[in-house]
Enquirer: 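I'd like to ask you about the structure that follows.
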Amino acid sequence: MRRSMLALGFAALAASIASADDAPATVPATVTAAKEEVAFHLDLTGAFDAKDAVEVAFKPQAWGEEVEVEEFRPPGPVAAGDLLIRFKTEKIDDLLRAAERDLGISRAAYATQLEDATRQLETTSAGLAKVQFDAKNAAEALERFEKIEMPLRLEEADHQLQGMRNWVTDQTEELTQLEKMYKADDLTEETEDIVLKRARRDLDRTRKSLDFMTRRDKTMREADLPREHEALKLEARRSGAERDRVVSVTSLQQAQSKLEIERAKANLEKQERDFAKLTADRALFELKAPAAGAAVPGILTRGKWQNADDVKRAMRKGGKFGPGTVLFTILKSEGARIVTSVNETQLSWIRPGQDAKVVATQAGVAPWTAKVAAVSPFTSSGEYAAELDPTDRPSGLIGMTCKIRVETGKRSAILVPQTAVEDGGFDKWVHVIGGDGKPARREVVLGQPYDERVEIASGLSVGDKILAAAPKK
């Protein structure tokens with residue numbers, strides 16, 4: 001009995017194994033490429049942005065400190081010119097007074113520098129003319145001494161010396177004649193002594209004068225004239241060098257003075273610009289509405305309110321704001337535009353003029369129709385800004401979000417499941433079933449997605465059978 005039961009068990013197990021081996025293998029799902037008319041669309045998220053708004057900001061040019069609120073207007077409707085916010089002005093008023101005083105001092109200093117430079121130029125010009133005159137005179141004096149004075153004085157000295165020699169000779173001859181005459185004449189001895197003594201004394205004096213003149217002539221020739229000549233040469237050299245120095249230095253000093261005046265002028269102009277900026281900043285301590293509308297705290301950037309909570313918290317007496325803060329955005333009308341962004345991969349599918357449907361995220365709001373108004377051709381982030389104009393005027397939704405469906409066009413297209421595409425990064429493939437029933441990889445170019453499918457722009461023909469899901473690696 002026991003053996004028969006075991007035999008029956010083994011037989012059942014064998015039958016089970018045999019039936020499993022005989023079962024057919026699972027066949028992968030396939031789809032056949034066919035063209036169909038498709039209304040393509042592009043789904044985006046966006047926001048309602050003000051179509052006509054103006055920012056009111058505290059953006060000083062020179063003031064760099066926080067400002068303290070003195071008075072403010074609550075958010076809400078405003079008319080053009082209404083006071084929005086007033087800041088305390090004690091600090092900037094003190095700074096303006098000091099800046100105005102310093103500016104006055106700088107203007108006076110610049111005027112003094114200009115006047116001094118003008119007078120200095122006149123003095124320098126006169127000094128230059130003087131050294132040029134002195135150098136010219138020294139050169140002329142040297143030339144006159146060498147060509148006229150020295151030869152004339154030597155000639156004159158020779159003439160005088162020769163005259164003295166001649167006088168000595170004449171007196172000697174006269175004395176000799178007197179001596180002969182007195183020997184021959186019968187004159188008294190007393191008269192003879194008087195005349196001869198006088199002649200001899202005159203001859204001695206003349207000889208002595210000749211000796212003096214001879215020695216002076218030697219001194220003049222060997223010392224006085226060379227010294228005077230050398231002095232004139234040195235003076236000509238000195239005055240010429242002084243002239244050259246003054247000419248060079250004067251040119252440099254005038255260039256330096258010009259640069260210093262230009263620098264002083266540039267500094268004064270900068271000081272005046274800074275004062276003008278600070279004066280303009282003082283006007284910002286009372287910010288008024290530039291237009292009528294609804295004043296909302298914060299800044300609206302492409303349908304999103306920025307820093308609104310921070311502005312509301314600081315919008316109180318004693319509250320503080322830093323430079324560059326946008327305090328209010330004035331919505332000049334309730335008109336809205338719809339803003340969104342398009343990924344670079346979607347850019348070729350959207351263009352101005354396309355129809356769209358817009359649904360607000362807020363519940364209970366009816367959808368709008370809209371048209372694409374503009375698509376930016378430039379970006380720095382890979383997301384391209386786009387704007388849509390609603391056919392109706394949504395109100396009360398500015399700053400809220402929405403969903404957008406852009407109708408990108410109807411056309412006949414081959415669509416395949418997105419799971420059928422094998423993504424190789426640069427390349428995309430589908431697996432086409434061949435005549436032998438085996439799949440083969442084929443490169444394709446993808447078009448626009450459509451729900452769970454994707455358009456095959458090229459690489460696949462109508463009737464081609466492909467795997468519904470690409471094989472897993």
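Every heavy atom of this structure was used, including side-chain atoms; hydrogens, water molecules and symmetry mates were not.
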Enquirer: To the nearest 0.5 Å, how far apart are OG in Ser458 and CD in Glu443?
Expert: 8.5 Å
Enquirer: Can you name the closest pair of heavy atoms from Pro290 and Val56 and give their distance?
Expert: CD-CG2, 3.6 Å
Enquirer: Inspect the contact between Arg337 and Asp389 and indicate whether a charged nitrogen and a carboxylate oxygen are less than 4.0 angstrom apart.
Expert: no
Enquirer: Looking at Gln448 and His41, would you say the former's side chain and the latter's main chain have a donor-acceptor pair under 3.5 Å?
Expert: yes
Enquirer: Check each of Lys91, Lys88, Glu90 against Glu68 using the side-chain contact (heavy atoms from CB on, under 4.5 Å) test, and report the only one that passes.
Expert: Lys88
Enquirer: Is a salt bridge present between Lys233 and Glu230, judged by a nitrogen-to-oxygen distance below 4.0 Å?
Expert: yes
Enquirer: Whether Arg215 and Asp211 form a salt bridge (side-chain N of Lys/Arg under 4.0 Å from carboxylate O of Asp/Glu) is what I want to check.
Expert: yes
Enquirer: For Glu383, does its backbone N or O pair with a side-chain atom of Ser341 as donor and acceptor, under 3.5 Å?
Expert: no
Enquirer: Picking from Ile404, Ile350, Val406, what satisfies side-chain contact (heavy atoms from CB on, under 4.5 Å) with Thr340?
Expert: Ile404
Enquirer: Please name all residues satisfying salt bridge (Lys or Arg N to Asp or Glu O under 4.0 Å) with Asp116, sequence neighbours left out, ordered by chain then number.
Expert: none
Enquirer: To the nearest 0.5 angstrom, please state how far the OG1 atom of Thr123 sits from the NZ atom of Lys130.
Expert: 14.5 Å
Enquirer: So does Asp274 pair up with Lys270, basic N to acidic O under 4.0 Å?
Expert: yes
Enquirer: For the pair Asp134 and Arg243, find out whether any cationic side-chain nitrogen is under 4.0 Å from an anionic carboxylate oxygen.
Expert: no
Enquirer: For Ala308 versus Pro297, what's the shortest heavy-atom pair and its separation?
Expert: CB-O, 3.7 Å
Enquirer: Say you draw a straight line from NZ of Lys265 to CD of Gln113; how long is it, rounded to the nearest 0.5 Å?
Expert: 12.5 Å
Enquirer: Please check if the side chain of Asp82 supplies one atom and the backbone of Ala79 the other of a donor-acceptor pair under 3.5 Å.
Expert: yes
Enquirer: Is there a donor-acceptor contact under 3.5 Å from the side chain of Asn166 to the main chain of Gln162?
Expert: yes
Enquirer: Spell out, as yes or no, whether a donor-acceptor pair under 3.5 Å connects the side chain of Asp281 to the backbone of Ala62.
Expert: yes
Enquirer: For residues Leu175 and Leu203, report the shortest heavy-atom separation together with the two atoms involved.
Expert: CD2-CD2, 3.9 Å
Enquirer: Have a look at Asp43 and tell me which of Lys357, Lys403, Arg405 forms a salt bridge (Lys or Arg N to Asp or Glu O under 4.0 Å) with it.
Expert: Arg405
Enquirer: Check whether any side-chain N or O of Gln271 sits under 3.5 Å from a backbone N or O of Asp102 as a donor-acceptor pair, and report yes or no.
Expert: yes
Enquirer: Would you mind checking if Arg153 and Glu228 are paired as a salt bridge, meaning a charged N to carboxylate O distance below 4.0 Å?
Expert: yes
Enquirer: Is the side chain of Thr172 donor-acceptor paired with the backbone N or O of Val168 at a distance under 3.5 Å, no angle test?
Expert: yes
Enquirer: Kindly compute the distance separating CD (Gln354) from OG1 (Thr408), expressed to the nearest 0.5 Å.
Expert: 6.0 Å
Enquirer: Could you tell me whether the side chain of Thr361 and the main chain of Thr401 form a donor-acceptor pair under 3.5 Å?
Expert: yes
Enquirer: At their closest point, which heavy atom of Phe328 faces which heavy atom of Arg73, and how far apart are they?
Expert: CZ-O, 3.8 Å
Enquirer: Between the side chains of Arg97 and Glu100, is the shortest nitrogen-to-carboxylate-oxygen separation below 4.0 Å, so that they form an ion pair?
Expert: no
Enquirer: Minimum heavy-atom separation for Leu142 to Ala236, with atom names?
Expert: CD2-CB, 4.1 Å
Enquirer: Of all the heavy-atom pairs spanning Val67 and Phe285, show the shortest one and how long it is.
Expert: CG1-CZ, 3.5 Å
Enquirer: What's the spacing between Thr219 OG1 and Arg227 CZ if we round to 0.5 Å?
Expert: 8.5 Å
Enquirer: Pairing donors with acceptors under 3.5 angstrom, does anything connect the side chains of Glu260 and Gln256?
Expert: yes
Enquirer: Could you pull out all residues at least two apart from Glu174 that satisfy side chain to side chain contact (heavy atoms under 4.5 Å, CB included)?
Expert: none
Enquirer: Show, in sequence, the C-alpha distance, side-chain angles and deciding distance for Thr250 and Thr124, and conclude whether the side-chain hydrogen bond (donor to acceptor under 3.5 Å, both in side chains) test is met.
Expert: CA-CA 7 Å; Thr250 297; Thr124 302; 5.7 Å; no
Enquirer: Thinking salt bridges, do Asp49 and Arg302 make one under a 4.0 Å N-O criterion?
Expert: no
Enquirer: Where the side chain of Thr89 meets the backbone of Asp93, is there a donor-acceptor pair that is under 3.5 Å apart?
Expert: no
Enquirer: With a 3.5 Å distance limit and no angle check, can you tell me whether Ser106 reaches the backbone of Leu268 through a side-chain donor-acceptor pair?
Expert: no
Enquirer: Is it true that Glu140 and Arg144 have a side-chain N and a carboxylate O under 4.0 angstrom from each other?
Expert: no
Enquirer: Examine Trp368 together with Phe48 and report whether their ring centres are nearer than 6.0 Å.
Expert: yes
Enquirer: If the condition is side chain to side chain contact (heavy atoms under 4.5 Å, CB included), which residues does Gln346 pass it with, not counting sequence neighbours?
Expert: Leu42, Leu44, Val342, Asn343, Trp349
Enquirer: Any salt bridge between Lys317 and Glu71, counting N to O under 4.0 Å?
Expert: no
Enquirer: Assess whether a salt bridge exists between Arg119 and Glu115, defined as any Lys/Arg side-chain N lying under 4.0 Å from an Asp/Glu carboxylate O.
Expert: yes
